[in-house]
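Structure record follows, encoded as structure tokens.
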Number of protein chains: 2
Amino acid sequence: MESEIVIRALGALAQEHRLALFRLLVQAGPEGLAAGAIAEALGVPASSLSFHLAQLTNAGLIAQRRDGRSLIYSADYGAMTALVGFLMENCCGGAACAPAAGCATESNIERKSA
Amino acid sequence: MESEIVIRALGALAQEHRLALFRLLVQAGPEGLAAGAIAEALGVPASSLSFHLAQLTNAGLIAQRRDGRSLIYSADYGAMTALVGFLMENCCGGAACAPAAGCATESNIERKSA
DNA sequence: TCCATATTTCCACGATTATCGAATCATTGA
DNA sequence: TCAATGATTCGATAATCGTGGAAATATGGA
């Protein structure tokens, strides 16, 4: 992962609505959510949401597919994995900076960051 | 780590000069680098650099200390660890999204992201 | 074909960001 | 105390971002 795309990904997530949106899609899983459902969940006007969806799409963090009249958006886990990988490799001193404990599990991350 | 500080940290890193700057400080280690040395390394005017240093400081990603006339900046590894932890916990579906292999080591991350 | 629904695109606006020279502040040494 | 050095703050400017209503674009069903 090169730094230009990393910068776009970081910038895409560095916004209240978009971070909430991405987290929502991660929770939603591979099936994703329709734009309308997202707009309602976040309480954001359709045109604003569309702008944010475009930012995330442009950063490669989410994917779009059509189902009838609806456009379904879903998180791209691979892109997120690559982003976290880049941060760990380039911004954490080379060694794993994640919780020292063995591989990150929800529980030990939570314990550490709480 | 709450989302407001996460957003500030992501925003701080989502800029060419600042990402390069942070990586430089990570490489430099705990001893850090003087502002002047950073400006020279990055080829950025002093006043511009000062602006970026302030952004990173405000996001809690770097620390400042004085040594004579120089101000020394160093990466805050803990903040970065917390940021990566947040991303893994909240944006990767709860489970560890980092390279499936056992805990991230430089080598296996490199292999995956290359 | 025509209408309703789901979403995006267009547009205008205010707010924030990045840039960098000049002026200022802090610290050291003579 | 004064000059020199290292760095920040100020101020102006251009560029980008976030917002949301209105208009345009797809799709599906009657």
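Lettering follows sequence order; numbering is per chain, from 1. Please read these numbers as outputs of a predicted model, since none were measured by experiment.
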Quick test: give all pairs of protein nitrogen or oxygen and nucleotides 7-10 of chain C nitrogen or oxygen below 3.5 Å, distance rounded to 0.1 Å.
unit_1: C/dT7; atom_1: OP1; unit_2: A/A35; atom_2: N; d: 3.2
unit_1: C/dT7; atom_1: OP1; unit_2: A/L71; atom_2: N; d: 3.4
unit_1: C/dT7; atom_1: OP2; unit_2: A/G36; atom_2: N; d: 2.6
unit_1: C/dT8; atom_1: OP1; unit_2: A/Y73; atom_2: OH; d: 2.2
unit_1: C/dT8; atom_1: OP2; unit_2: A/S50; atom_2: OG; d: 3.1
unit_1: C/dT8; atom_1: O5'; unit_2: A/S50; atom_2: OG; d: 3.1

Which pair of heavy atoms, one from [X] and one from [Y], lies closest together, and at what distance?
X	Y	value
A/V84	B/C92	CG2-SG, 4.3 Å
A/L49	A/A35	CD2-O, 3.2 Å
A/L19	A/L13	CB-O, 3.5 Å
B/R18	B/G11	NH2-O, 3.3 Å
A/A79	A/L61	CB-CD2, 4.1 Å
B/P30	B/S74	O-CB, 3.8 Å

Give the rounded distance in Å between these two atoms: [atom1] of [X] and [atom2] of [N].
X	N	atom1	atom2	value
B/I38	D/dG6	CD1	P	14 Å
B/I62	D/dT8	CD1	C1'	14 Å
B/L56	C/dT17	CG	C1'	14 Å
A/I7	C/dA18	CD1	C1'	13 Å
B/E40	D/dG6	CD	P	11 Å
A/R8	D/dT16	CZ	C1'	15 Å
B/N58	C/dA18	CG	P	12 Å
B/D67	D/dA7	CG	P	10 Å

Look for any protein N or O under 3.5 Å of an N or O in nucleotides 11-16 of chain C and output each such pair with its distance, or none.
none

Do A/Y73 and A/L56 come within less than 4.5 Å of each other through their side chains, counting heavy atoms only?
no
Would you say that A/I62 contacts A/L53 through its side chain, given a criterion of any heavy-atom pair below 4.5 Å between the two side chains?
yes
Taking for each residue the nucleotide of DNA chain D bearing the nearest heavy atom, is the 5' side occupied by A/G68 or by A/G11?
A/G11
How many angstroms lie between atom [atom1] of [X] and atom [atom2] of [Y], to the nearest 0.5 angstrom?
X	Y	atom1	atom2	result
A/L71	A/R66	CG	CZ	4.5 Å
A/L24	A/Q27	CG	CD	6.5 Å
B/I38	B/L25	CD1	CG	4.5 Å

DNA chain D contacts made by residues 15-22 of chain A, counting heavy atoms under 4.0 Å:
A/Q15, A/H17, A/R18
With a cut-off of less than 4.0 Å, is there a side-chain N or O of B/H52 near OP1 or OP2 of C/dT17?
no
Contact under 4.0 Å: B/R66 side-chain N or O vs C/dT27 OP1/OP2:
yes
